[in-house]
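First the structure, in the form of structure tokens, and then the observations on it.
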Number of protein chains: 2
Amino acid sequence: MANPKNFGIKDIARAAGVSVGTVDRVLHNRGKVSEIALKKVNEVLQKNEYRPNLIARTLGSNKNYKIVVLQPEPADDPYWSLVSQGIEQSMKEWIHYGVTISCCYFSLHRKSSFESVAAKALKLKPDAILLAPILYVETISFLRVLKEKQIPFALFNTNITETDALSFIGQDLYSSGRLAGELICLGQTGAGRFGVLHVDEDLNDSIHLVQKEKGFRDFIAGFYPFRHTVESLNRTSSTDSSFRKKLIQLLSQPDLKGIFVSSSRGTETAASILKSQDKGNIRLVGYDLLKKNIAYLKEGVIDFLIHQNPQQQAVEGINCLANHLIFKRVAKRVNLFPLEVITSQNLESYIQDQAEYTSVNSVI
Amino acid sequence: MANPKNFGIKDIARAAGVSVGTVDRVLHNRGKVSEIALKKVNEVLQKNEYRPNLIARTLGSNKNYKIVVLQPEPADDPYWSLVSQGIEQSMKEWIHYGVTISCCYFSLHRKSSFESVAAKALKLKPDAILLAPILYVETISFLRVLKEKQIPFALFNTNITETDALSFIGQDLYSSGRLAGELICLGQTGAGRFGVLHVDEDLNDSIHLVQKEKGFRDFIAGFYPFRHTVESLNRTSSTDSSFRKKLIQLLSQPDLKGIFVSSSRGTETAASILKSQDKGNIRLVGYDLLKKNIAYLKEGVIDFLIHQNPQQQAVEGINCLANHLIFKRVAKRVNLFPLEVITSQNLESYIQDQAEYTSVNSVI
DNA sequence: TTTGGAAATGTGTGCGTACACACTATTTTT
DNA sequence: AAAAATAGTGTGTACGCACACATTTCCAAA
């Protein structure tokens, strides 16, 4: 077994009887190399299990890359400002490697904004794109353009499997709905009613919400042994006043077992209504460690939060693309995040700062 | 704001009117530098917010470091073989930076083995030590020796706060006991009995078990609103046959609400007994994703596993020490791991391979 | 046979930093 | 006053790889 720190291209060249220039050409499939030299070098590479020193490679290389992120407007929803935090973190880290990162925001309430934002992103001449495909229809057509232009891209938050994405970074949303079902059913007995809430999003274009609900319904149908019904309530915009009335009506049902809310912001809205109706004893499962959700969790209004960890999704999306660009690293098609269950007793362990330094894999 | 990629020590030297040798001496407090030159260089450094290129620094430096890990014998318990996997992973990664890692194993069943293993570790002339302080008394005296010899060390798995550890990497064990209490009480009503099991460890020298039980008891006492008792069962060795009888007796109590097991291997033992007694409906909370525990979780015998993630603890312990040695990086005194709740529905998201590439922080 | 072009290879310099050693100026000791 | 020691600085080379450009070799065409 070679000592990886000491066996470099000079040693390869010496052993193969060629110059370091030829070794470089073989390693990078660059220029022209004779069959004889190619064979000799490859034999030495294989025999010694050569691994390039990626630190030296980075230092010696002189390329710059640009990554553009397309995501919903953070000012509209604190969930997406967590993503922005992850992006800012990544900017600071990757600048040393000659990678610059830019953000383009589209509005979830004006779907038409997606197209002009996407055009703007392309104007920036990105080497790669990280995209949260929240708007299914608009995203598909944009991805067609990326394919034409041969711009590599990765998806996060929501997966669209019928694309050529380098990678998807995020949770299995169907399974997160099943998990919510499991957490709501635990310890429950007797015939019952379950609620699913979707708040402030167009259900028809938001496959992530559809998948979550399906997971929830499938779990209840398959595992809750008593007679039950599952009802869905949607609020399409914050000016829709019938939603509150319908939820209050649902809360007054004596057989109500629990409520699953499909988004982080919706969780906050539902918790607020449950609290004001003095219904904090109803089992409530929602998403994400937004400030207000944390407060409701501590009060016991919310029983469980499923942590989507959007910040880390963004970080790992950038890492995936940067590794692809710089190191030509093969990406995992699906980088599945754990479905993290947050309760009042493990909350503190999640909101403390995570480890400052983690694996060095990203540069090796 | 300086462009971090372009402003190097040559630029500093030029701007300060000195050579790169003098800049180097100022940066590293090395050799001798006149007050005049020192002032000039420091002004330029500050004005330009100079940050060294750590990649170049690593390449240009020629130091080797040795880290030694002290942990319980993996052959005795699959939990510790997960740690070994983390160590092996880290060996591969850090060898490129001139860091070699060795392991020394002590037996939990022969406390006397700790002393000779610790001596062996010192014989290896480590630059730093990563230690699982499972045996409290033995550990304390060893840490005194490390302090004398000025060998930096980090602790993982169990914290001992009254030490000069660079860092502790692991979970808050008291809180994990509380979390277990929360998960067992959820949806339970009426007067009840709760069990805590400790399997195959000396409770007097194992503060991690003590802390977990205390957390569990404190949660139940503070939050379970009905009349209740908490009883503790210990098995001191696998030849202790009264344990099984006592557990079966506990299982037959009609007011039993749930059981908390304090270790991963004990969880397996308890689940096996619960299953054989056809008591899979009893709420059971234990630790870790060992193969057999996973099987029992899928069957529903175990309701929750708290994932200690020992592999990642080891990885991050090594990263902490390596960063300290190579980059003189200041370590977080406490690197608190999330208390991860595993159920049958989120299990798959945890046992898939984790992200292959993560933050580049470790080398910047 | 000679010439020109293509194929193939070797060499030099760069990336940014670390650090050993040569060199110069000043101060102290004999 | 001369020699030795100290303070301080500059220069060169190293790390391992990338890659541009100079040089050599080989082959085909005239």
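A quick note: this is a predicted structure, and the numbers were derived from the prediction, not measured. In what follows, chains are A, B, ... by sequence order, proteins preceding strands, each numbered from 1.
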If only side-chain N and O atoms of Tyr50(B) are considered, is one of them under 4.0 Å from the OP1 or OP2 phosphate oxygen of dT17(C)?
yes

Set of residues satisfying side-chain contact (heavy atoms from CB on, under 4.5 Å) with respect to Ser116(B), sequence neighbours excluded:
none

Check each of Leu27(A), Thr22(A), Val26(A) against Ile9(A) using the side chain to side chain contact (heavy atoms under 4.5 Å, CB included) test, and report the only one that passes.
Leu27(A)

What is the distance from CD1 of Ile36(A) to P of dT25(D), rounded to the nearest Å?
15 Å

Glu43(A) and Lys39(A) ion-paired at < 4.0 Å
yes

Find the distance Ile9(A):CD1 to dC19(D):C1' and express it as a whole number of Å.
10 Å

Closest to the side chain of Lys32(A), out of dT9(D), dC17(D), dA7(C), is dA7(C)

Rounded to whole Å, the CD-C1' distance (Glu35(B) to dT9(D)) equals 16 Å

Ignoring backbone atoms, establish whether Ser34(A) has a side-chain N or O less than 4.0 Å from OP1 or OP2 of dT9(C).
yes

Take atom CD1 of Ile55(A) and atom P of dT17(C), then tell me their distance rounded to the nearest Å.
14 Å

OP1 or OP2 of dA18(C) sitting under 4.0 Å from any side-chain N/O of Arg30(B)?
no

Rounded to the nearest angstrom, tell me the gap between atom NZ in Lys10(B) and atom P in dT17(C).
10 Å

Could you tell me how far apart Asn48(B) (CG) and dG16(C) (C1') are, to the nearest whole angstrom?
16 Å

What integer distance in Å separates Leu59(A):CG from dT17(C):P?
9 Å

Would you please confirm or rule out a distance under 4.0 Å between OP1 or OP2 of dG16(C) and any side-chain N or O of Arg57(B)?
no

Among the nucleotides dA18(D), dG16(D), dA7(C), whichever has the atom closest to the side chain of Ala56(A) is dG16(D)

Please list residues of residues 16-29 of chain B whose heavy atoms come under 4.0 Å from any atom in DNA chain C, ordered by number; otherwise none.
Asp24(B), His28(B)

Whole angstrom is fine here: how far is it from CG in Asn64(A) over to C1' in dC15(C)?
13 Å

Inter-axis angle, terminal five-pair segments of the helix from dT1(C)-dA30(D) to dT30(C)-dA1(D) [nearest 10°]:
60°

